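Some notes on the structure that comes next.
Owing to the predicted nature of the structure, the values given are computational and were not obtained by experimental measurement. The sequence lines fix the lettering, A, B, ..., with proteins before strands; numbering per chain opens at 1. Quick note: numbers below take in every heavy atom, side chains included, and nothing from hydrogens, waters or symmetry partners.
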There are 2 protein chains.
Amino acid sequence: MSSNIGGSVTLADVARHAGVSLATASRVLNGAGGRTVGATFRERVLRSAELLGYSPNAQAQAVARGASSLVGLVVHDISDPYFAAIAAGVTEAAEERDTTVVLASTRQQHERELDYLATLRQHRARAVVLVGSRWEDRAYHQLVTRELDAYRRTGGRVAAVSQDRLGVDTVQPLNNAGARDLARALVDLGHRSFAVLGGPEGLLTARDRVRGFREGLRDRSVSGDVPVVTGAFTRDGGYDATLQLLAGGQRPGCLFAVNDVMAVGAMAALRESGLSVPDDVAVAGFDDIETLRDVTPSLTTVALPLRDMGRQAAEMALTPGRDTPKLIRVRGEVILRDSTKVAG
Amino acid sequence: MSSNIGGSVTLADVARHAGVSLATASRVLNGAGGRTVGATFRERVLRSAELLGYSPNAQAQAVARGASSLVGLVVHDISDPYFAAIAAGVTEAAEERDTTVVLASTRQQHERELDYLATLRQHRARAVVLVGSRWEDRAYHQLVTRELDAYRRTGGRVAAVSQDRLGVDTVQPLNNAGARDLARALVDLGHRSFAVLGGPEGLLTARDRVRGFREGLRDRSVSGDVPVVTGAFTRDGGYDATLQLLAGGQRPGCLFAVNDVMAVGAMAALRESGLSVPDDVAVAGFDDIETLRDVTPSLTTVALPLRDMGRQAAEMALTPGRDTPKLIRVRGEVILRDSTKVAG
DNA sequence: CTGTTAGCGCCTTCAC
DNA sequence: GTGAAGGCGCTAACAG
């Protein structure tokens with residue numbers, strides 16, 4: 001039935017079975033090539049392929065053609081709803097362009113990102129979509145840039161969903177502006193004393209959101225230094241940071257967690273500490289994670305069109321042509337919900 | 001710098017630059033092969049590779065070796081936390097085994113699963129992990145089985161996280177048993193009147209959970225037929241189904257949604273209808289989605305070790321040898337929380 | 001230890 | 001319209 005070891009039926013098998021040349025079989029089975037094939041032969045080949053259960057070897061095709069149909073997707077953590085949502089957008093766009101997605105989840109570790117980038121390059125992925133905050137780490141940043149450059153020199157395309165620091169097409173969430181808008185809105189709501197759950201040290205997204213929030217407060221002339229407690233970019237990070245804040249004697253009227261996941265952790269911590277949200281402490285987040293839209297009290301946040309962002313990044317990465325990096329800025333929308341309601 | 005069109009540096013380039021044969025270059029650059037290489041040459045090759053920025057072409061290697069390092073991951077919807085969590089486990093296990101994950105998100109559509117399976121086969125993925133409920137659809141089931149068989153005949157390995165109907169290694173959540181345990185626990189808690197939000201028609205996981213729940217009630221001699229409203233396996237599905245239930249004049253003391261995501265939707269619907277949880281209506285879910293652990297009132301559910309399940313499935317799929325399909329049953333653990341509390 | 005030489009499965013000129 | 005032949009980048013015997 002098959003001649004090779006792997007057990008797979010090869011194009012040669014089909015050709016032989018159909019009594020035609022390899023070239024002919026190849027032409028009917030891949031459609032392209034310009035040249036067309038006679039109806040009789042075409043039928044014969046198709047029938048043989050069907051009969052033998054032929055499945056073209058995509059890897060061999062890629063080698064012969066010098067171009068693969070793989071697109072890499074690099075995220076910090078696929079189980080984090082933020083990344084999962086973006087990933088969904090990427091897979092959609094990829095599917096529409098008949099490309100296959102290779103998933104790389106770095107689990108928040110710098111080096112892995114580099115490793116995965118290298119792996120993706122080895123697989124000759126046609127493009128890679130890099131999603132997630134960049135770090136405040138010059139040395140590392142240089143390594144990534146170097147790797148990306150090498151990748152692009154070989155024809156690979158790159159798009160990012162992150163800060164605009166990679167010199168590639170990027171979908172940039174305006175973290176600063178969003179947090180700033182949020183801060184103003186909160187002040188306008190009547191809040192006066194704040195504290196921030198700032199995310200991990202060195203993560204630009206966290207930093208930008210903290211800065212933006214501070215600016216917003218300044219815009220509204222809220223004086224005093226806002227206490228910032230850092231913590232992991234996770235539910236537990238928010239939980240721990242909040243307990244730490246409370247233990248430090250702080251009791252802000254409003255708590256801004258730099259992302260929704262942390263905000264939820266914060267709400268849990270407050271609740272367990274006997275504090276009610278929003279009456280004792282108001283809470284606001286960032287991202288508008290879909291799964292979290294139903295927490296109670298409903299969470300005030302800055303909504304980001306996550307899925308779309310992923311889709312757009314993938315589209316840019318998979319669209320040839322353009323050589324000057326494109327930048328799509330995404331301004332989040334402040335959504336005021338119950339978690340920041342002011343009594344009266 | 002490079003000779004080929006794609007711009008990539010090839011092994012031949014490195015060999016030439018280092019003044020050694022292709023074989024030698026290959027040997028030092030891939031380590032394996034049994035044979036070892038002299039220190040001088042080894043150094044020379046390494047230096048040249050480094051200098052030229054050589055990146056081995058994984059596709060070509062796969063073709064030559066007759067074995068790829070790809071492992072497919074097929075999920076219903078990567079943005080659904082259930083699948084995202086399992087995916088995280090799969091990527092972990094894959095990474096440990098130096099394999100690259102190809103992600104396929106079918107978005108709940110039968111046919112796409114088949115398409116992706118075919119694509120995965122074309123890429124000669126060494127294994128595929130199929131995650132998600134199977135359907136009650138004989139014709140379709142047969143197609144999938146056929147495709148999987150073809151795939152396995154060519155040496156591909158398959159593992160599933162689902163019902164045990166594919167004849168492959170599988171991690172099987174005991175949906176029936178879990179729901180049954182839950183029902184009993186709820187009755188023991190004092191609940192007497194129930195309704196079920198049953199998920200989409202034809203989805204086995206939904207069906208099993210409904211059945212199990214019914215059995216549990218029977219075990220505890222709760223009489224009467226439990227009303228079941230079907231709906232999409234999503235937050236909105238739970239929301240809509242609940243409204244429909246209420247509109248139908250039903251007002252159960254306890255509502256069992258076949259998964260957490262639906263349960264959250266149900267809670268939202270109840271709240272909007274002016275009903276309080278758990279006082280007016282208790283709510284229970286299934287899965288114990290991490291992101292949902294902090295909803296209020298906290299959700300009673302059946303916990304499944306999602307990440308581990310994904311990891312185990314991937315490990316089975318990537319472990320050669322064994323020819324008799326292995327079955328790992330996972331019994332969920334009932335976790336009673338506030339959403340089903342009984343007053344007094 | 002090193003190099004030569006066939007492949008691997010497929011595509012793609014180039015002739016007929 | 002069809003086929004023969006060379007090449008894609010790499011690996012794996014097989015000789016030295």
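- Closest to the side chain of A:L22, from the set D:dT2, D:dC10, C:dC10, is C:dC10.
- With D:dG3, C:dC10, D:dC10 as the choices, the nucleotide that has an atom nearest any side-chain atom of B:L11 turns out to be D:dC10.
- When rounded to the nearest whole Å, the span between CZ of A:R16 and C1' of C:dG9 equals 12 Å.
- Side-chain contact between A:P56 and A:Y54 is present, with at least one heavy-atom pair separated by less than 4.5 Å.
- Between B:A60 and B:G38, the residue whose closest nucleotide on DNA chain C is further toward the 5' end is B:G38.
- Using bins of under 30°, 30° to 60° and over 60° for the plane-to-plane angle, the ring pair B:W135/B:Y140 lands in the perpendicular bin.
- Judged by closest nucleotide on DNA chain C, B:G19 is the one of A:A58 and B:G19 placed further toward the 5' end.
- Atom CG of B:N57 is separated from atom P of C:dC8 by 18 Å (rounded to the nearest Å).
- Residue B:S21 places no side-chain N or O under 4.0 Å from the OP1 or OP2 atom of C:dT2.
- Heavy-atom distances to DNA chain D give each of A:T40 and A:A64 a nearest nucleotide, and the one nearer the 5′ end belongs to A:T40.
- The CG atom of A:L29 sits 14 Å away from the P atom of D:dT2 (whole-angstrom rounding).
- Donor-acceptor pairing under 3.5 Å, judged by distance alone, is absent between the side chain of B:R124 and the base of C:dG9.
- With hydrogens and angles left out, the side chain of A:R42 and the base of D:dG1 share no donor-acceptor pair within 3.5 Å.
- For the pair B:H123 NE2 and C:dG9 P, the interatomic distance rounds to 17 Å; values are reported in whole Å.
- For B:Q61, whose side chain is taken as the heavy atoms from C-beta onward, the closest listed nucleotide among D:dT11, C:dC10, C:dG3 is D:dT11.
- Base contact: B:V63 has a heavy atom under 4.0 Å from a base atom.
- Of the listed nucleotides (D:dT2, D:dT11, C:dC10), D:dT11 has the atom at the smallest distance from the side chain of B:N30.
- Closest to the side chain of A:R65, out of D:dC10, C:dT12, D:dA12, is C:dT12.
- One atom, CZ of B:R121, and another, P of C:dG9, lie 15 Å apart when rounded to the nearest Å.
- Using a 4.5 Å heavy-atom cutoff, the side chains of A:V158 and A:Y151 are in contact.
- Regarding B:R27, its CZ atom lies at a distance of 10 Å from the C1' atom of D:dA13, rounded to whole Å.
- Considering only the side chain of B:P56, D:dC10 comes nearest among D:dC10, C:dG3, C:dC11.
- OP1 or OP2 of C:dC11 has at least one side-chain nitrogen or oxygen of A:S26 nearer than 4.0 Å.
- The closest side-chain donor-acceptor pair between B:T205 and B:Q163 falls under 3.5 angstrom.
- Using a 4.5 Å heavy-atom cutoff, the side chains of B:V28 and B:L46 are in contact.
- Using a 4.5 Å heavy-atom threshold, the side chains of A:Q61 and B:Q59 count as separate.
- To the nearest angstrom, P of C:dC10 lies 11 Å from CD of A:Q59.
- Here the side chain of A:Y54 is nearest to one of D:dG1, C:dC10, D:dG3, namely C:dC10.
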